[in-house]
Amino acid sequence: MTHPLAAGPLAIGCGRDDAAAVADLSSDIVIIGAGVLGLSVAAELAARGHRVAVVDPGAANASLVAAGMIAPAFESLLDRADAERAALLRAASALWPGFGEAHGIAIDTNPAEWRGPDPDGVAERLVALGFRMERRGGVVTVPDDVRIEPGDALARLVNRVGVTLIPGRASALERTDEGWAVATPGGWVRAAAVVLATGSGPSPAGLPDAAVRAFGTVRAIAGQIGWVERPLTDRVLRGPGGYVVPSKGGALIGATMVEDQPEAVVNATASARLITEAEALIGERIDAPVAWRAAVRGATPDGLPLAGGVGEGLHLALAPRRNGWLMGPLVAGVVADGIEGRPCRPRAAALDPLRFSLPAPEPRLRFSPREA
Ligand SMILES: Cc1cc2nc3c(=O)[nH]c(=O)nc-3n(C[C@H](O)[C@H](O)[C@H](O)COP(=O)(O)OP(=O)(O)OC[C@H]3O[C@@H](n4cnc5c(N)ncnc54)[C@H](O)[C@@H]3O)c2cc1C
């Protein structure tokens, strides 16, 4: 599987045809990382009229490996979310129709189905969390959960007019009079603002303390998913331990969550378990070969991404755990608003990138001179 960034002419935009041509490029904004978060921010900023450069080595990343579910209902259910978290995921997914239309991303609106145990309990919980659902025998159908095709969506975002692609890894940042310079293999890229969207990877060198501390709150959760060249289903099927998802030319079987695992590895025992779960969901044996892939998700302690400014013209778009595709448009809006200095939208506070890493406030004196 190839990341769209690695695909020849697509790799470098605006007439540039080799990495050396990058030397001393300047842009309004540089984004480091071309996963769903980096590219969603890039596309949003480009749509608002900014010149954006995206730096990425172009290898497969978590966003490409993902199943592409936009699943506020079943993610809330499986994560035992409270009503507030469910409302946030619902608000994030509600941005998808407009975002998809703006950037030419097709949404498969075939509703997802629960085919696991306890349909009564599942239906009751979904309704309590504010989701629409339909019961048909033992199956619970949720129209709120839809899907996009990750490879196609990344390609759409990458090809956005106004986005210049720079292949390679950003190794360091340096402060300049105008903002920041980002070191890439082809030269320095200068910009007024930088967005760090580096997934579960380490931070580039040269970041101020606030950004380093925020990066320090991100942990790695590895996961594997299997590809079968057979149309096992025409809709997303979910159960407590896995899912089967229709995907271009076949189906995906997923997925594992291996906490604090920074390496993308495929585990044979997990593969067997996921196949068993998938067979239960589709009600038949899977007698075709399964090609396994693995990737690493970044995650924060509360499972929500870090999105917004950390000072000095630096912004984060990081660590959406297992909901990077779901959260992409919301993160893009929050980060773009911050860069433009617009008022924060209501959901922005929940994604504040400094919410875990700010030093504890000094205890207030009980009777300060001003209060006396
Ligand atoms: C098996 C699996 C299934 C999933 N299914 C779903 C799903 O159905 N729905 C959903 O919403 N989410 C899903 N997820 C989660 C989703 O994939 C992640 O939340 C999301 O991809 C994270 O996006 P990202 O942009 O933060 O990181 P990534 O996709 O990892 O992208 C980060 C990018 O930054 C680049 N980078 C890192 N360091 C540097 C540097 N120094 N210089 C330049 N570039 C750099 C990397 O090369 C990479 O391309 C799934 C994840 C897995 C593993």
Side-chain angles (χ1 to χ4, degrees), residues 3-6 30-42 53-72 74-75 89 92-93 96 112 145-150 153-154 157-158 165-173 182-185 189 194-207 215 218 220-227 236 238 242-243 245 247 252-258 261 264 266 270 274 292-300 303-307 316-329 331-332:
H3 190 282
L5 266 174
V30 175
I31 295 176
I32 305 177
V36 55
L37 295 195
L39 290 181
S40 295
V41 175
V54 180
V55 185
D56 191 285
N61 52 25
S63 304
L64 185 63
V65 167
M69 294 177 288
I70 313 295
F74 285 142
E75 289 300 311
L89 297 191
S93 75
W96 256 102
D145 285 14
V146 297
R147 186 180 174 270
I148 53 85
E149 191 68 43
L154 288 172
L157 295 171
V158 141
L165 299 164
I166 299 174
R169 183 163 288 278
S171 51
L173 274 73
V182 177
T184 77
V189 189
V194 171
V195 180
L196 296 149
T198 46
S200 62
S203 61
L207 297 186
F215 261 90
V218 176
I221 303 180
Q224 73 179 68
I225 191 166
W227 160 257
V236 172
R238 301 196 69 156
Y243 53 74
V245 166
S247 178
L252 292 167
I253 295 172
T256 54
M257 293 277 285
V258 188
Q261 164 66 269
V266 171
L274 289 173
W292 294 98
R293 305 154 181 167
V296 182
R297 318 156 175 99
T300 63
L304 291 176
L306 306 176
L316 303 190
L318 281 180
R321 193 167 171 263
R322 48 189 276 166
N323 284 317
W325 281 102
L326 167 56
M327 299 298 287
V331 168

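Both counts, for ligands and for their atoms, begin at 1 and track the order of listing.
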State the [atom1]-[atom2] distance between [X] and [Y], to the nearest 0.5 angstrom.
{"X": "Ser200", "Y": "Ile221", "atom1": "OG", "atom2": "CD1", "value": "10.0 Å"}
{"X": "Leu207", "Y": "Phe215", "atom1": "CG", "atom2": "CZ", "value": "6.0 Å"}
{"X": "Leu252", "Y": "Tyr243", "atom1": "CG", "atom2": "OH", "value": "7.5 Å"}
{"X": "Ile31", "Y": "Leu196", "atom1": "CD1", "atom2": "CG", "value": "10.0 Å"}
{"X": "Leu165", "Y": "Asp56", "atom1": "CG", "atom2": "CG", "value": "9.0 Å"}
{"X": "Arg322", "Y": "Met69", "atom1": "CZ", "atom2": "CE", "value": "7.0 Å"}

For the residue pair [X] and [Y], what are the closest heavy atoms and their distance?
{"X": "Gln261", "Y": "Ala222", "result": "CG-CB, 3.2 Å"}
{"X": "Ala319", "Y": "Leu37", "result": "N-CD1, 4.3 Å"}
{"X": "Pro185", "Y": "Pro167", "result": "CD-O, 4.3 Å"}

Just go through [options] and tell me whose heavy atom is the nearest to [atom].
{"atom": "atom 22 (C) of ligand 1", "options": "Gly35, Ser200, Pro320", "answer": "Pro320"}
{"atom": "atom 33 (C) of ligand 1", "options": "Leu39, Ile31, Leu154, Asp56", "answer": "Asp56"}
{"atom": "atom 4 (C) of ligand 1", "options": "Ser40, Gly58, Ala66", "answer": "Ala66"}
{"atom": "atom 43 (C) of ligand 1", "options": "Val55, Leu196, Val331", "answer": "Val55"}
{"atom": "atom 18 (C) of ligand 1", "options": "Arg321, Met327, Arg322", "answer": "Arg321"}
{"atom": "atom 24 (P) of ligand 1", "options": "Ala62, Ser203, Gly324, Ser63", "answer": "Ser63"}

What atoms of ligand 1 come within less than 4.0 Å of a heavy atom belonging to [X]?
{"X": "Trp325", "result": "10 (C), 11 (O), 12 (N)"}
{"X": "Met69", "result": "7 (C), 8 (O), 9 (N), 10 (C), 11 (O)"}
{"X": "Tyr243", "result": "3 (C), 5 (N)"}
{"X": "Gly199", "result": "26 (O), 27 (O), 30 (O), 32 (C)"}
{"X": "Ala170", "result": "40 (C), 41 (N), 42 (N), 43 (C)"}
{"X": "Leu37", "result": "25 (O), 26 (O)"}
{"X": "Ile225", "result": "1 (C)"}
{"X": "Arg169", "result": "37 (C), 38 (N), 39 (C), 40 (C), 41 (N), 42 (N), 43 (C)"}

Between Asn61 and Ala34 (side chain of the first, backbone of the second, donor and acceptor by atom type, cut-off under 3.5 Å), is there such a pair? yes
Kindly say whether Gly35 contributes a backbone atom to a donor-acceptor pair with the side chain of Ser63 at under 3.5 angstrom? no
Any N or O on [X] sitting closer than 3.5 Å to an N or O of ligand 1?
{"X": "Gly201", "answer": "no"}
{"X": "Gly68", "answer": "yes"}
{"X": "Leu326", "answer": "yes"}
{"X": "Pro57", "answer": "no"}
{"X": "Ala317", "answer": "no"}
{"X": "Ala59", "answer": "no"}

Applying side-chain contact (heavy atoms from CB on, under 4.5 Å) between Val195 and each of Ile32, Val54, Val41, report the one that passes. Val41
Going by the 4.0 angstrom heavy-atom rule, the piece of Ala197 near ligand 1 is backbone
Contact with ligand 1 for Trp292, non-hydrogen, under 4.0 angstrom: no
For the pair Ser203 and Thr198, evaluate side chain to side chain contact (heavy atoms under 4.5 Å, CB included) and give the outcome as yes or no after the intermediate values. CA-CA 7 Å; Ser203 61; Thr198 46; 5.9 Å; no
